[in-house]
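A note on names: the letters A, B, ... follow the listed sequences, proteins ahead of strands, and every chain is numbered from 1. Source: prediction; values computed, not measured. No hydrogens, no waters, no symmetry mates; every other heavy atom, side chains included, goes into these values.
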Amino acid sequence: MNLREDWQFRGLVHQTTDDTVLERLSAGGLTGYIGFDPTAPSLHLGSLMQICLLRRLQLAGNRPIALAGGGTGLIGDPSFKDAERPLLDAERLAANVEGIREQLSQFLDFSASAGASKALLVNNADWLTTISLTDFLRDVGKHFTVNQMIAKEAVRSRLERDDVGLSFTEFSYMLLQAYDFLRLHQDYDCTLQLGGSDQWGNIVTGVELVRKVTGHSVHAITSPLLVNADGKKMGKSEGTTQRVWLDATMTSPFAMHQFLLNTDDASTPSRLRCFTFLSHDEIRELDESIKSAPQERRAQRALADAVVSFIHGEAAARAAQRAGDALFSETIDELDEATLLAVMGDAPSSTWSREELGDGVSATEMLVRCGLAKSRGEARRFVEQGGVYVNNRRLASDPEATIDLSRALHDRYLVLRRGRHELHLVVAG
RNA sequence: GGGUCGGUGCCCGAGCGGCCAAUGGGAUCUGGCUGUAAACCAGACGGCUUUGCCUACGGGGGUUCAAAUCCCUCCCGGCCCA
């Protein structure tokens, strides 16, 4: 099984500059890079595809470069965005780059033992913040005409809209990214850039720049953007309620596991291919299980286990698994105290005074203070609609309902749930 | 700088003096059906001490018994001209 066959099976390739790249990658020994935007202190599931691509590259004996966009982040990529991006200040950006560096270092092999395919992490702020404007315009800008730049699909919609514009700053973004490729080619002999299919325009601009400046031909591979069954980009602001972050303190392993477990049937095969390193046979078998026994959701379970293991480790994946099983398929009041705490370990919790709970606290009040409702009005609505559960038993849909210690598990714990998924552990102090 | 069009709830977008917390769509949320899914159906969707009150239609000021709606001014954006 070589890389080309594997990538084709997994559907990782959307477009390439030429057919031979995949063959050459299969042979190993190339250097390829992917850029990561430091828009937040953590990467999220939307970047998992890119992370896996770099890893696959490395496993096949190539050198992966992860490029943190500390410089391009100062500008903001306008590709297919429908409005001007707010600028991030340099300090936040630097902090974000740091966070991302740390995360990426877990997924690639940066040790000397990797030899020629030892991964590299670079920050384009190193060159983008130091090059002079006139040098940039002469050495980079001179190679492109505005005519071809405005013809790019990625910016077209912004140019055609009559309510928002495209600032010169954002318009210049593609040149900065092109310059990155040139630098990586010159400094590290990098001959390949990968990215999502929305990056095609930016990437080929880089390919062109390298050719014009050095005469060398370098390559591009884009991968399809994964969408949910409803056509929305996954992992962006969608998901259950928020983005699914890779940082365990921002999105708990349990929440991530749940998110993946809830993947709809139609999207599961492609996610298994892109986000896991399972063998082709295993994947085919899981595909089959979706058709033959969808209610078992073996494929979703395998996906959730594999991804959480990859990101947070096997122990975290097992814990998330157990927590889900306990919370959704057993009666929670049968759990012993240690198990209950382990299961609820990921969920937010709060400590309440015994006296207060003894007297009974109104359900709406409790929902608001636990952060399960944004306002009393919303809390009242949840109760009225029957969306509130204590220890997995639905609360009477009475807005005056109160909750007291008599329901507590082990005389201290109340598992408060709102709707299907939002949990909170109330502890009597 | 000049002209012109526009800025409404999470987003899009109606309203153009009282019947407006503001039509409609999307998103989201809750419930039902299910498989902790999708689709579908029903409901909710500014806040509160909830038969009422408060805050909101870019900011400020004004006219009026009454303004998202009229006037002035400022800020922001699009387009055209310079």
Side-chain angles (χ1 to χ4, degrees), chain A residues 78 81-87 157-171 227-234 236-244 252 254-272 286-287 289-305 308 320-332 343 346-347 362-365 367-368 371-389 392-401 415-423:
Chain A
K81 305 276 168 42
D82 53 12
E84 185 84 6
R85 308 273 95 185
L87 291 176
S157 69
R158 282 279 286 284
L159 294 172
E160 282 168 0
R161 285 187 53 158
D162 54 2
D163 53 341
V164 283
L166 175 66
S167 70
F168 179 71
T169 303
E170 282 195 353
F171 183 57
V227 294
N228 290 328
D230 56 8
K232 289 272 149 50
K233 229 194 258 185
M234 79 151 284
K236 283 288 180 184
S237 47
E238 284 70 32
T240 40
T241 35
Q242 296 148 355
R243 279 193 184 192
V244 180
S252 69
F254 173 69
M256 177 185 284
H257 194 268
Q258 286 289 308
F259 173 81
L260 292 161
L261 195 60
N262 285 326
T263 304
D264 59 88
D265 294 358
S267 317
T268 304
S270 63
R271 291 194 192 174
L272 278 170
L286 291 168
D287 285 353
S289 77
I290 296 173
K291 294 198 192 90
S292 58
Q295 71 284 1
E296 287 177 15
R297 291 184 303 158
R298 276 182 50 218
Q300 280 90 339
R301 284 178 210 283
L303 172 69
D305 292 349
V308 176
Q321 226 175 75
R322 276 203 314 275
D325 288 346
L327 287 172
F328 289 102
S329 47
E330 278 175 36
T331 31
I332 199 162
V343 156
D346 271 349
S362 96
T364 51
E365 166 84 15
L367 284 167
V368 173
L372 290 179
K374 288 198 285 284
S375 68
R376 299 183 60 80
E378 191 179 70
R380 175 185 297 267
R381 241 175 358 249
F382 288 138
V383 175
E384 281 169 355
Q385 291 173 150
V388 179
Y389 307 76
N392 277 354
R393 289 211 178 77
R394 180 177 291 172
L395 199 67
S397 57
D398 169 12
E400 306 297 320
V415 176
L416 192 60
R417 190 172 101 214
R418 189 211 83 208
R420 205 70 250 182
H421 304 288
E422 295 299 314
L423 289 162

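An OP1 or OP2 oxygen of B/G31 is reached within less than 4.0 angstrom by a side-chain nitrogen or oxygen of A/Y389. Under 4.0 angstrom from either OP1 or OP2 of B/C29 there lies no side-chain N or O belonging to A/R381. An OP1 or OP2 oxygen of B/G32 is reached within less than 4.0 angstrom by a side-chain nitrogen or oxygen of A/R394.
With B/U30, B/G31, B/U36 as the choices, the nucleotide that has an atom nearest any side-chain atom of A/H421 turns out to be B/U36. When the nucleotides B/A44, B/G35, B/U36 are ranked by their closest atom to the side chain of A/Q300, B/G35 comes out on top.
Residue A/L286 holds its CG atom at 12.0 Å from CZ of A/R301, rounded to the nearest 0.5 Å. A/Q258 contributes atom CD, which lies 8.5 Å from atom CG of A/L423 (distance to the nearest 0.5 angstrom).
Using a 4.5 Å heavy-atom threshold, the side chains of A/K374 and A/L367 count as separate.
Both A/G386 and A/S375 lie near RNA chain B, and the one whose nearest nucleotide falls closer to the 5' end is A/G386. Both A/L166 and A/G419 lie close to RNA chain B; mapped to their nearest nucleotides by heavy-atom distance, the more 5′-ward contact belongs to A/G419.
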### Summary
Pairing string of RNA chain B (Watson-Crick or G-U wobble, both atom distances under 3.5 Å; | = paired to other strand) is ((((((((.[[[..)..(.....]]].(((((.......))))).(((...)))...[[[[[..)....]]]]]))))))).

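Salt-bridge formation is detected for the pair A/R376/A/E365: a Lys NZ or Arg NE/NH1/NH2 atom is positioned less than 4.0 Å from an Asp or Glu carboxylate oxygen.
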Polar atoms only, N or O, under 3.5 Å: list the protein pairs with nucleotides 49-54 of chain B and their distances.
{"residue": "B/U49", "atom": "OP1", "partner": "A/R376", "partner atom": "NE", "Å": "3.1"}
{"residue": "B/U49", "atom": "OP2", "partner": "A/R376", "partner atom": "NE", "Å": "3.4"}

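Taking atom C1' on both B/G6 and B/G58, the two are 11 Å apart, rounded to the nearest angstrom. When the P atom is used for both B/C16 and B/C65, the distance is 23 Å, rounded to whole Å. To the nearest whole angstrom, the two C1' atoms, one in B/C53 and one in B/C5, are 39 Å apart.
No side-chain donor-acceptor contact under 3.5 Å links A/R380 to the backbone of A/P399. Without hydrogens or angle criteria, A/R418 side chain to A/A373 main chain gives no donor-acceptor distance under 3.5 Å. With A/E422 contributing its side chain and A/R417 its backbone, the two residues share no donor-acceptor pair below 3.5 Å.
Taking every heavy atom of both residues into account, A/L272 and A/A299 meet most closely at CD2-O, 4.0 Å.
The base of B/G43 is paired with the side chain of A/Q385 by a donor and an acceptor separated by under 3.5 Å.
Across all strands shown, A/R417 has no heavy atoms under 4.0 Å from either base or sugar-phosphate atoms.
The closest side-chain donor-acceptor pair between A/D264 and A/Q300, if any, does not fall under 3.5 angstrom.
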